[in-house]
Protein chains: 2
Amino acid sequence: MTDLERDHSEPPDCLSIVSQVTNSTRAGKRERLAGAAVRVLHEQGVEKTTLADIARAADVPVGNVYYYFKTKDQLIEAAIEAHGHHLQTMLDELGRLAEPQDRLKALLRGWIGERDLTAQYGCPTGTLASELDKRDDGLDRAIAKVMGRLLAWVEEQFAAMGRTDAKELAVALFASYQGVALLTNTFRDPDLMATEGARLERWIDSLT
Amino acid sequence: MTDLERDHSEPPDCLSIVSQVTNSTRAGKRERLAGAAVRVLHEQGVEKTTLADIARAADVPVGNVYYYFKTKDQLIEAAIEAHGHHLQTMLDELGRLAEPQDRLKALLRGWIGERDLTAQYGCPTGTLASELDKRDDGLDRAIAKVMGRLLAWVEEQFAAMGRTDAKELAVALFASYQGVALLTNTFRDPDLMATEGARLERWIDSLT
DNA sequence: GTCTATACATAGATAGAC
DNA sequence: GTCTATCTATGTATAGAC
């Protein structure tokens, strides 16, 4: 077991279930920290969130955090990656639908389904991007990458619908969602999201 | 002059030009602080901005800030008010245009004209709202009020165009702007804003 | 590997000289 | 009214016992 520790930046929990069984306290602490960070950063924002907040949410002692992450920034980066993975899984599932317009509408439905959470805390991706863009470290590029993948996926769907202006339509759709998420959050009104979502569904139908 | 100080929460500079002439150093420090705060908060965000940053930008000694504002929150609130005033002035000017659709398109043009600044720092109103919504103090309500006035103005224009779904359209337009501002900022690409702005202008034309 | 104690830096806020 | 010095709190990060 000791020979595994040569690379400190690649902690034990990457080797799946095995370590989760061998350790008495349910392991995967690194993943737990990253997962908790996703949630807490969404709720509180980056600057307001302390390492203690994340450690508490992950049920890990504060001082222990630095065994898994050298800095707060690295923990945030891991959270962004975890969030990116989550989004990718979602897109993969939507990919099972046959028609591209059905995929887009299913995406919209998913967003609408989260409208109460959005009213409380905004879009997880959007609020993170907004906040990280005010910083000089490279974290703003990390979240931009995640958003870029989402946008590219939307563009692919429009392209599959035979639209030559797929990029422009993708920006329009994604911007509408991001914008209404911001308004929903600012006015604490989930109905805004539901109404605008329905309008966007009709818009997608009108394109075919 | 001393009898004016009974209410400390209503500082001297509210009484216009007079004090600006009598004081050697060009006065209106309270306004200067609030104005500088608007700019710095837009560039750096609320949490990352220190009172020292604002004081420096306003060319006022740090310790002096507390003569004009009891807390950082009060300074931020003053900045929100100043920003709201600025927006109101802009809307008043747009009101001179005869046709409501021209007013809306002029608003869009104004936003597009700011696309480089938006790519750097995002929409001043939107980024502020996003960040303040993560806080428990009442500042999120203050910025919501400002955004509410803007949204109401847009709705009035659609209503003047004879649309019964003015509210829905206002949310759609404003959300599109806020969303594309976020994308423009995240991807550091002013062209996104220009393209989507042009699309929205065509959309407004199509409504008449 | 885990956890406590603590060093270190920074920012908000206050006291009080001028 | 203006400005400096400083108190106090908090948060990141490290040292080192276990």
Side-chain angles (χ1 to χ4, degrees), chain A residues 1-15 18-20 22-33 37 40-41 44-77 135 137 139, chain B residues 1-15 18-33 37 40-41 44-56 58-77 135 137 139:
Chain A
M1 203 157 160
T2 46
D3 60 306
L4 283 167
E5 295 167 319
R6 62 236 139 87
D7 188 357
H8 193 200
S9 64
E10 186 87 345
D13 294 323
C14 296
L15 24 110
V18 186
S19 61
Q20 297 193 24
T22 45
N23 288 348
S24 57
T25 145
R26 179 155 51 108
K29 285 200 180 181
R30 197 191 144 91
E31 279 70 20
R32 253 172 42 218
L33 281 166
V40 179
L41 290 177
Q44 305 190 339
V46 179
E47 303 288 347
K48 274 207 71 182
T49 297
T50 68
L51 291 172
D53 290 334
I54 298 172
R56 197 182 320 116
D59 199 31
V60 168
V62 210
N64 205 336
V65 172
Y66 284 95
Y67 177 75
Y68 295 97
F69 301 96
K70 269 197 281 292
T71 62
K72 184 185 177 182
D73 274 20
Q74 282 190 12
L75 174 49
I76 295 173
E77 195 172 5
R135 303 173 54 130
D137 49 43
L139 290 176
Chain B
M1 205 155 156
T2 45
D3 59 307
L4 283 167
E5 296 168 318
R6 62 240 138 87
D7 188 356
H8 194 200
S9 64
E10 186 87 347
D13 296 322
C14 296
L15 23 110
V18 187
S19 60
Q20 298 193 22
V21 178
T22 45
N23 288 349
S24 57
T25 147
R26 181 155 48 110
K29 285 200 181 180
R30 196 190 144 91
E31 279 71 21
R32 257 177 32 224
L33 281 166
V40 179
L41 291 177
Q44 306 190 339
V46 179
E47 303 288 347
K48 273 207 70 181
T49 297
T50 68
L51 291 172
D53 291 333
I54 299 172
R56 197 181 321 118
D59 198 32
V60 167
V62 211
N64 204 335
V65 172
Y66 285 95
Y67 178 75
Y68 295 96
F69 301 96
K70 270 198 281 292
T71 63
K72 183 185 180 184
D73 274 19
Q74 282 190 13
L75 174 48
I76 295 173
E77 194 172 6
R135 304 173 53 128
D137 48 44
L139 290 175

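The figures that follow rest on heavy atoms only: side chains count, while hydrogens, waters and symmetry mates do not. In what follows, chains are A, B, ... by sequence order, proteins preceding strands, each numbered from 1.
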For C/dC3, does either OP1 or OP2 sit under 4.0 Å from a side-chain N or O belonging to A/Lys29?
-> yes

Starting at CG of B/Leu33 and ending at P of D/dG1, how long is that distance when rounded to a whole Å?
-> 14 Å

note: B/Arg56, atom CZ; D/dC3, atom P; distance rounded to Å ~ 16 Å

Grab the N/O contacts between the protein and nucleotides 12-14 of chain D below 3.5 Å, and write none if there aren't any.
{"residue": "D/dT12", "atom": "OP1", "partner": "A/Lys72", "partner atom": "NZ", "Å": "3.2"}
{"residue": "D/dT12", "atom": "OP2", "partner": "A/Leu51", "partner atom": "N", "Å": "3.2"}
{"residue": "D/dA13", "atom": "OP2", "partner": "A/Tyr66", "partner atom": "OH", "Å": "3.2"}
{"residue": "D/dA13", "atom": "OP2", "partner": "A/Lys72", "partner atom": "N", "Å": "2.9"}

Member of A/Tyr68, A/Phe69, A/Tyr66 meeting the side chain to side chain contact (heavy atoms under 4.5 Å, CB included) criterion with A/Leu75 | A/Phe69

Is any side-chain heavy atom of A/Val65 closer than 4.5 Å to a side-chain heavy atom of A/Ile54?
-> no

Atom CD1 of B/Ile76 and atom C1' of C/dG12: how far apart are they, to the nearest Å?
-> 12 Å

Verify the contact: side-chain N or O of B/Tyr67 to OP1 or OP2 of D/dT2, cut-off strictly under 4.0 Å; return yes or no.
-> no

Sequence neighbours excluded, the answer for side chain to side chain donor-acceptor pair (under 3.5 Å) partners of A/Thr50 is A/Asp53

Side chain to side chain donor-acceptor pair (under 3.5 Å) against B/Asp59, all qualifying residues, sequence neighbours excluded = none

Could I get the full list of side-chain contact (heavy atoms from CB on, under 4.5 Å) partners for B/Glu47, not counting sequence neighbours?
-> A/Glu47, A/Lys48, B/Glu131, B/Arg135

Please check the phosphate of C/dT2 (OP1 and OP2 only) for any side-chain N or O of A/Tyr68 closer than 4.0 Å.
-> yes

Nearest-Å distance, NZ (B/Lys48) to C1' (C/dA9)?
-> 15 Å

From CG of A/Asn64 across to P of C/dC3 the rounded distance in Å is 5 Å

Test side chain to side chain donor-acceptor pair (under 3.5 Å) applied to B/Gln44 - qualifying residues, sequence neighbours left out = B/Thr49

